[in-house]
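Only one structure is covered here, and it is reproduced in the block below.
Since this is a predicted model, take the numbers as computed values, not measurements.
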Amino acid sequence: MRGPTGFLLCSLLLVAPHCTEVAAQDLQPDPKTPCANWMGGAPGYPGHNGLPGRDGKDGKDGLKGEKGEEGMQGPKGDRGEIGVPGQEGPRGFPGYPGQKGEKGEGAFVYRSAFSVGLTERAPHPNVPIRFSKIFYNEQSHYDTSTGKFLCSIPGMYYFAYHLTVYLTDVKVSLYKKDKAVIFTYDQFQKNNVDQASGSVLLHLSTGDEVWLQVYGEGDNNGVYADNINDSTFMGFLLYPDLDAH
C-alpha cells in the first residue's frame with residue numbers, strides 16, 4: 001500500500017483513537033441532571049443492615065491495675081452451722097491459783113461430851129456418884145443433880161473414870177440402864193494415896209443413862225478428892241448412828 005492510498009489509511013488510523021477519546025469525553029453524563037446517562041432512575045432506599053460479623057479472637061491480658069479504695073462494710077451475714085470439733089490442742093501451762101473462796105456451810109456435827117470431877121470426899125454407896133465440878137458440859141447432857149449422863153444422840157460412846165483412893169478400899173461400877181457394865185476394885189495401902197480407873201465403849205440409844213456408883217458396904221467407899229487430888233468421870237460421842245439421822 002504505498003502511494004496515496006497507503007498514506008490515507010495511515011492518517012485514518014492515527015485520527016481514529018483521538019476521535020474516540022473525544023467522543024468518550026462527550027458521552028460522560030452530568031450526575032446533577034435527572035436524566036444522567038440518559039436512562040438514570042430515582043435513588044433507591046437504604047439497604048438492610050448486614051449480619052453481625054464473627055467474634056474476634058480474645059485479646060491478651062492487660063497490665064494489672066492499681067488497687068482500688070476499700071468499699072463500705074456489708075451487712076452481717078446469717079450465722080453458719082456449727083462445724084465439726086477440731087482435734088484437741090496441746091495441753092497448756094497451769095494457771096495461777098485463784099482467790100480464796102468464801103467459807104461455806106459445813107455439815108452438821110453431832111456433839112455430846114462431858115468431863116466432871118468430885119467435890120465431896122465420901123459419896124454414898126449404891127447410889128450414883130454426883131460429880132459436881134464441871135470441866136466440860138457444853139451440851140448439858142450430864143446432870144450434876146442426879147450424877148447421870150443422859151443420851152440425846154444415839155451412837156457409840158467412850159466413858160472413862162480416874163479415882164483417887166484414900167483411907168479405905170474402893171469398889172466402883174459403871175452402870176447403863178440400871179445394870180452394872182464394868183467393875184473396878186482397888187485395895188487401899190495404908191499411909192499412901194492410890195488410884196483406880198476404868199474405861200469402856202458403849203452403844204447408847206436415845207434416853208439411855210450412864211453413871212458411876214460405889215457398890216457394896218460402906219467400908220468400900222474410899223473414893224476421895226481434895227484441892228490437890230481429883231476423882232474424875234468423862235464420856236463423849238465417837239460417832240452417831242447414821243440410820244437414825
Exercise for the section: Report yes if some heavy atom in the side chain of Y158 is under 4.5 Å from a heavy atom in the side chain of S199; otherwise report no. Expected result: yes
Practice task
Determine whether the side chains of E138 and Y136 contain a donor N or O and an acceptor N or O closer than 3.5 Å.
Solution key: yes
Problem - Co-membership, hydrophobic cluster, residues Y239 and M234, 4.5 Å side-chain - result: yes
Handout entry: No-hydrogen, no-angle side-chain donor-acceptor test under 3.5 Å, H124 and N221
Key = no
Problem - Minimum side-chain heavy-atom gap L150-H141 below 4.5 Å - result: no
Practice task
Would you give the length of the straight line joining atom CG of L118 to atom OG1 of T164, rounded to the nearest 0.5 angstrom?
Solution key: 9.0 Å
Exercise for the section: Over all heavy atoms of both residues, which pair between H162 and S197 is shortest? Give the atoms and the distance, please. Expected result: ND1-CB, 3.4 Å
Handout entry: Single-linkage hydrophobic cluster M156~L202, side-chain heavy atoms < 4.5 angstrom
Key = no
Problem - V210 side chain near F159 side chain, heavy-atom distance below 4.5 Å - result: yes
Completion exercise
Between F135 and G117 the two heavy atoms that sit nearest each other are CE1-N, 3.5 Å
Problem - T184 and Y161: CA distance, side-chain angles, deciding distance, side chain to side chain donor-acceptor pair (under 3.5 Å) verdict - result: CA-CA 10 Å; T184 299; Y161 52 88; 2.4 Å; yes
Practice task
Please check if the distance between the ring centroids of F233 and F114 is under 6.0 Å.
Solution key: yes
Exercise for the section: Measure the CD-OG1 distance between Q187 and T168 for me, rounded to the nearest 0.5 Å. Expected result: 10.0 Å
Handout entry: Distance-minimising heavy-atom pair for A196 and D186
Key = CB-CB, 3.8 Å
Exercise for the section: May I ask you to check whether T119 and S132 show a side-chain donor-acceptor distance below 3.5 Å? Expected result: yes
Handout entry: Trace of the side chain to side chain donor-acceptor pair (under 3.5 Å) decision for D208 with H203
Key = CA-CA 10 Å; D208 288 348; H203 181 271; over 6 Å; no
Problem - Cluster overlap Y110 with L204, hydrophobic side-chain contacts below 4.5 Å - result: yes
Practice task
Indicate whether any N or O donor in one side chain lies under 3.5 Å from an N or O acceptor in the other, for N229 and Y224.
Solution key: no
Fill in the blank from the handout: Rounded to the nearest 0.5 Å, the CZ atom of R130 sits from the OG atom of S145 at a distance of 8.0 Å
Practice task
Check whether any side-chain N or O of S173 sits under 3.5 Å from a backbone N or O of I182 as a donor-acceptor pair, and report yes or no.
Solution key: no
Handout entry: Interatomic distance, L212 atom CG to L174 atom CG [nearest 0.5 angstrom]
Key = 6.0 Å
Problem - Side-chain touch V116/Y142, heavy atoms, less than 4.5 angstrom - result: yes
Problem - Side chains of N126 and V214 in contact at under 4.5 Å (non-hydrogen atoms) - result: no
Practice task
Side-chain contact test, heavy atoms from C-beta onward, threshold under 4.5 Å: evaluate it for V223 versus V165 and give yes or no.
Solution key: no
Completion exercise
Interatomic distance, CD@Q189 vs CG@D169, rounded to 0.5 Å, equals 8.5 Å
Handout entry: V172 reachable from V193 in the ILVMFWY side-chain graph, under 4.5 Å edges
Key = yes
Exercise for the section: Give a yes or no on whether the backbone of T232 and the side-chain of D230 come within a donor-acceptor separation of less than 3.5 Å. Expected result: no
Practice task
To the nearest 0.5 Å, tell me how far S205 OG sits from I153 CD1.
Solution key: 13.0 Å
Practice task
Answer with yes or no whether the side chains of E209 and W211 bring together a donor and an acceptor at under 3.5 Å.
Solution key: no
Problem - Close side-chain approach of Y166 and F188, heavy atoms under 4.5 Å - result: yes
Exercise for the section: Measure across K148 and P128 and return the closest heavy-atom pair with its distance rounded to 0.1 Å. Expected result: CE-CG, 3.8 Å
Completion exercise
Tracing side-chain contacts under 4.5 Å among Ile, Leu, Val, Met, Phe, Trp and Tyr outward from F183 reaches Y215
Handout entry: Over 12 non-hydrogen atoms of neighbours within 6.0 angstrom of NZ in K133
Key = yes
Exercise for the section: Decide if the gap between the ring center of F149 and the ring center of Y157 is smaller than 6.0 angstrom. Expected result: yes
